[in-house]
Asker: 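Dropping the structure in here first, questions after.
These values consider heavy atoms only, across backbone and side chains, with no hydrogens, waters or symmetry-generated copies. The chain is numbered in sequence order, starting from 1. Order of listing sets the numbers, starting from 1, for every ligand and every atom in it.
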Amino acid sequence: MPIIAANFKTNHTRSSTAKYVSLVNNYLKTNSTSDVYIFPTATSLDYFETVANLHIGAQNAYATQNGSFTGEIGTEQLDEFYIKTILIGHSERRHILGETQEMIAQKYQYFKALGYRIIYCVGEPLEIKESGLDATLQYMQTQFEGIDLSYENLVVAYEPVWAIGTGVTATNDDIVNVHQALKKQCSKPLLYGGSVKLGNVESICQLDGVDGVLIGTASWVAEDFIKIIENTKEL
Ligand code: PEP
């Protein structure tokens, strides 16, 4: 059964998030699936009573317990809601918010030391993809600098930048080629992300080396996300 994760990015409110989590949780109460993750906005984090395989995670946090880091949240704010899962290295944080590999590695080390489940995202921009598979794999090595790939609580997500939020999904060959190469390097669960939706999730989840999916846009309507889980739970 594949791992299925929903990244809300900057969408949903506290109240719509609570409704969403409740719908997904009710579905999971009567359906057996692998791990399901929901990453709401920081303002919508809360303590949700859920089944054991539904995990609420933070899209981001600063590598601190608390302190003077205006606009950031630390582990004090996550601990309030027993949140122990975090996304690190998402392409929007790398390319829009300007996180460098050094900052990302520092964050990774901090949350690793605290035992968080880390969903660590890597992926190449279009110009690198156009230079071929070797260039793509080489580029991703730079995104593994300072990252302990043997960390027991790690899930890796391969998300080509050009496929995120664009409606352009990587081809099956693209996904298999990269996943097979990454699998040689790292034995952790490996998700694919980039314009995954109801119409392609089943076939992507069946590809060699794909252990699940990280979904942005197509996850934002709870009923659609539940259908995605439903359509992949027998795989
Ligand atoms: C993401 O945010 O990780 C993502 C893959 O987005 P989308 O599904 O919209 O491409």
Asker: Taking only residues two or more places apart in sequence or in another chain, which ones pass salt bridge (Lys or Arg N to Asp or Glu O under 4.0 Å) with Asp208?
Answerer: none
Asker: Which distance, rounded to the nearest 0.5 Å, do you find between the CZ of Phe69 and the OG1 of Thr64?
Answerer: 4.5 Å
Asker: So what's ligand 1 close to, N/O to N/O, under 3.5 Å?
Answerer:
residue, atom, partner, partner atom, Å
ligand 1, 2 (O), Asn7, ND2, 3.0
ligand 1, 2 (O), Lys9, NZ, 2.8
ligand 1, 2 (O), His90, NE2, 3.0
ligand 1, 3 (O), His90, NE2, 2.9
ligand 1, 3 (O), Glu159, OE1, 3.1
ligand 1, 3 (O), Glu159, OE2, 2.7
ligand 1, 6 (O), Lys9, NZ, 3.1
ligand 1, 6 (O), Gly216, N, 3.4
ligand 1, 8 (O), Gly216, N, 2.8
ligand 1, 9 (O), Thr217, N, 2.9
ligand 1, 9 (O), Thr217, OG1, 2.5
ligand 1, 10 (O), Gly165, N, 2.6
ligand 1, 10 (O), Ser195, N, 2.8

Asker: With sequence neighbours excluded, what pairs up with Arg93 under the salt bridge (Lys or Arg N to Asp or Glu O under 4.0 Å) test?
Answerer: Glu99
Asker: Say whether Ser91 and His95, considering side chains only, have a donor N or O and an acceptor N or O under 3.5 Å apart.
Answerer: no
Asker: Please say which of Tyr37, Phe48, Tyr82, Phe81 ends up in a ring pair (Phe, Tyr, Trp, His ring centres under 6.0 Å) with His55.
Answerer: Tyr37
Asker: Any pair with a residue in residues 135-147 that passes side chain to side chain donor-acceptor pair (under 3.5 Å), sequence neighbours left out, goes on the list, sorted by first then second residue, please.
Answerer: Gln141-Gln185
